[in-house]
Number of protein chains: 2
Amino acid sequence: MDLAPARGAATIEEVAARAGVSRSTVSRVVNGSTAVSPSALDAVRRAIDELQYVPNRAARSLASRQTRAIALVIPEQTDRFFGDPFFASIVAGIGEVIGESDYIMNMLIASDDASAKALGYLRSGSVDGAIVASHHTSDTFLDRVADVVPVVYGGRPARIRADDYYVDVDNVEGGRLATDYLLERGHRRIATISGPPDMPAGIDRLKGFRAAMADAGVTPAAVENGDFTESGGASAMTRILAAGERPDALFVASDLMARGAYEVLREKGLEPGRDIAVIGFDDSAVSTAVSPALTTVRQPSLTQGRHMASVLLDILAGRPAVHATILPTEVIERASA
Amino acid sequence: MDLAPARGAATIEEVAARAGVSRSTVSRVVNGSTAVSPSALDAVRRAIDELQYVPNRAARSLASRQTRAIALVIPEQTDRFFGDPFFASIVAGIGEVIGESDYIMNMLIASDDASAKALGYLRSGSVDGAIVASHHTSDTFLDRVADVVPVVYGGRPARIRADDYYVDVDNVEGGRLATDYLLERGHRRIATISGPPDMPAGIDRLKGFRAAMADAGVTPAAVENGDFTESGGASAMTRILAAGERPDALFVASDLMARGAYEVLREKGLEPGRDIAVIGFDDSAVSTAVSPALTTVRQPSLTQGRHMASVLLDILAGRPAVHATILPTEVIERASA
DNA sequence: CTGAAAGCGCTAACAG
DNA sequence: CTGTTAGCGCTTTCAG
């Protein structure tokens, strides 16, 4: 705030003057062009250093028509975003890959009330592309983003369009695996706490559950939907228990909801893993934090995040990119089922 | 991607042409100037609508020398950021206030390996100001941010400079309150699991602990530092128990660490709240999620977040802003102490 | 109330 | 290898 190029950073012009070259030459070294003589390169580097020069991003993007920035859009309320370990993994995976690129990533929490602003931002040419971390069928504003910049979705979009890009886990298969696991162990009064009916992940896991049950000729004991939160899982559990005949096994579409179910079960004097088999979905940190440790369907969220980022980078680089990537799931056996 | 202004959004020029006015007039309506005739205003609005015009942010910021964006910098590893409910509250508070302004907020996770990139971003004129959500003494790169844009720190900066702005909770007082609470209930063999020694919040809470103990003429049974994570709390607890005489009370500098301590205590057959009094710090969601519910020191994180955002908005608007805001803490009595 | 003109700081052909 | 010349899309005086 004192020495250095005063307040109001140095410009390329000043660097050029100090190095005794033209703006173009400075621009070349900044952008790593090889066509610069060693002496010029040296002079420019020194000047940049002395002036603490950092190119102005707005000017750069205006001239080059690209921003070297991507947005990570989170269409969720803040508390759900932070409350679910799933997002932590996704973000970590994305951050890892973007971190190695020369793009900067900025996260936008686009909860309902902030979606208009987020949309405006994305449409104003502020980023070269976007990753949308989760998806509700009600997120219509997202469609308008894809009209302006390349978008990669986390999870199958509610309405797939031919040129969409997305990375998903095989939720249908995961739901089926979980259900088969329960079926194989002789359970027949199987209930499920499903995900929200407005999210593809929720819909697909339930679909897998239903398919497995149908294949086995077994009728579901109960189907209640939660919203992927702990409290949502708890109230779904309460409803199931209130409904009548107690199930002997339970497929819960997310670990967090399973934790909520655990609590309700215990309140009713039912011990998970002993009185009722419970299998979750995610294999997030909560599955080992609860007791008994939760048997669950593992979904590779970190990998999913990495893939999303790679696909976007491919698109931006003009490389051929895969439209649909589906990652496998597997049952992780622990103590609850 | 088809109709509308093709790919490559409409420009102000096109809007002006369509509305039959000059660029200046379009600019005026976009920026809400009153000096526009009703008829022109109407024509421009219609044109904007038809063309789906959104001003280019780069061009705008280049010309106006402001970005209408602020950065929320998180100098933490991704897993700690997501793992600690403290950040959820801070972000929610900030988001709330920024959401009502016409600034857009972008979150930057500036973990060690990403800090150079983040710094470059902040210095490239991409934002008008920044909020730094937490602070380690090792975060020297942050000092260089403050040289370029106004910064508001969450928590007292490690080295305060005269013109710094920050919003903190009274950590020293909080540590003292917690300790006094234990002392007043007759405990004398009091240990503490402190925060990381490189974070002001950790340092200050420990300082309060020490001051209260000294005032009471009692020597601490043990002082072990954790790192504000659950596992850090667990290993600190293990060390305390291994060290010798078992304490009868424990002040843990964060709820999350207290949860870790709970586990270790139980493994050793010690029941929190019965065999050993435990008081935490934060009053985050985990304090009621654990059993027995954790007596803790409440810090108003949501409020802190709101304040941080307000201060930054004040600065940016050229309004007088408060340099240091210190928020009060209070003990919330529950079952563990 | 409105248009013309002059940049903001940078990149990108285009000559040399 | 290097400088010159045009803009990128917008805001902002300054006249009128």
Side-chain angles (χ1 to χ4, degrees), chain A residues 5-45 47-48 51-69 102 120 123-126 128 148, chain B residues 5-45 47-48 51-69 102 120 123-126 128 148:
Chain A
R7 192 96 179 191
T11 70
I12 198 174
E13 199 80 45
E14 292 164 27
V15 175
R18 180 156 195 139
V21 299
S22 71
R23 291 190 336 234
S24 313
T25 299
V26 176
S27 178
R28 284 187 190 102
V29 351
V30 166
N31 294 296
S33 162
T34 49
V36 178
S37 71
S39 66
L41 189 132
D42 195 60
V44 171
R45 280 202 179 135
I48 287 179
L51 262 27
Q52 300 228 53
Y53 171 68
V54 178
N56 179 297
R57 237 182 147 84
R60 207 173 191 179
S61 101
L62 190 55
S64 69
R65 316 182 126 287
Q66 50 173 325
T67 64
R68 301 265 107 188
D102 65 338
R123 292 178 45 103
S124 67
S126 305
D128 293 340
V148 186
Chain B
R7 191 97 178 192
T11 70
I12 198 174
E13 198 81 45
E14 291 164 28
V15 174
R18 181 156 196 139
V21 298
S22 71
R23 291 190 335 233
S24 313
T25 299
V26 176
S27 178
R28 286 187 189 100
V29 352
V30 167
N31 294 295
S33 161
T34 48
V36 177
S37 71
S39 66
L41 190 132
D42 194 60
V44 171
R45 281 203 178 133
I48 286 179
L51 262 27
Q52 300 227 54
Y53 171 68
V54 178
N56 178 296
R57 234 179 149 87
R60 207 172 190 179
S61 101
L62 190 55
S64 69
R65 316 181 127 286
Q66 50 173 327
T67 65
R68 300 266 106 189
D102 66 338
R123 293 177 45 101
S124 67
S126 306
D128 294 340
V148 187

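- Residue B:I12 holds its CD1 atom at 12.0 Å from CG of B:L51, rounded to the nearest 0.5 Å.
- For A:Q66 and D:dG9, the CD to C1' distance is 17 Å, given to the nearest whole Å.
- Nucleotides of DNA chain C that come within less than 4.0 Å of any heavy atom of chain B span, from the 5' end to the 3' end, C:dC1 to C:dG9.
- Atom CZ of B:R60 is separated from atom P of D:dC8 by 19 Å (rounded to the nearest Å).
- In this structure, the side-chain contact (heavy atoms from CB on, under 4.5 Å) partners of A:S64, at least two apart in sequence or on a different chain, are A:Q66.
- Every residue meeting the side-chain hydrogen bond (donor to acceptor under 3.5 Å, both in side chains) condition with B:T67, not counting sequence neighbours, appears here in chain and number order: B:D128.
- Taking for each of B:A35 and B:A59 the nucleotide of DNA chain C with the nearest heavy atom, the 5'-most of the two is the partner of B:A35.
- Shown here are the salt bridge (Lys or Arg N to Asp or Glu O under 4.0 Å) partners of B:R68, two or more places apart in sequence or in another chain: B:D102.
- Axis deviation across the helix from C:dC1-D:dG16 to C:dG16-D:dC1 amounts to 30°, comparing end segments of five pairs, rounded to 10 degrees.
- Checked against side-chain hydrogen bond (donor to acceptor under 3.5 Å, both in side chains), B:S61 has no partners two or more places apart in sequence or in another chain.
- Among all heavy-atom pairs drawn from B:A40 and B:V21, the shortest one is CB-CG1, 4.5 Å.
- Between B:N31 and the phosphate of D:dT11, there is a side-chain N or O to OP1/OP2 separation shorter than 4.0 Å.
- A search for side-chain hydrogen bond (donor to acceptor under 3.5 Å, both in side chains) contacts involving A:R60 returns A:N31, not counting sequence neighbours.
- The side-chain contact (heavy atoms from CB on, under 4.5 Å) test applied to B:I48 returns B:V15, B:V29, B:V30, B:V44, B:Y53, not counting sequence neighbours.
- Taking the side-chain hydrogen bond (donor to acceptor under 3.5 Å, both in side chains) definition, one finds that B:R18 meets it with B:E50, sequence neighbours left out.
- Residues A:T25 and A:V36 form a side-chain contact, since some pair of their non-hydrogen atoms from C-beta on lies under 4.5 Å apart.
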Can you tabulate the close N/O pairs, meaning under 3.5 Å, that link protein atoms to atoms of nucleotides 3-7 of chain D?
residue	atom	partner	partner atom	Å
D:dG3	OP2	A:S22	N	2.9
D:dG3	OP2	A:S22	OG	3.0
D:dG3	OP2	A:T25	OG1	2.9
D:dG3	O6	A:R28	NH2	2.5
D:dT4	O4	A:S24	OG	2.6
D:dA6	N6	A:R23	NH2	2.8

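- B:A40 comes within 4.0 angstrom of the backbone, heavy atoms only, and of no base.
- Each salt bridge (Lys or Arg N to Asp or Glu O under 4.0 Å) pair with one or both residues in residues 23-40 of chain B, not counting sequence neighbours, appears once here: B:E13-B:R23.
- OP1 and OP2 of D:dT12 both lie 4.0 Å or more from every side-chain N or O belonging to B:S27.
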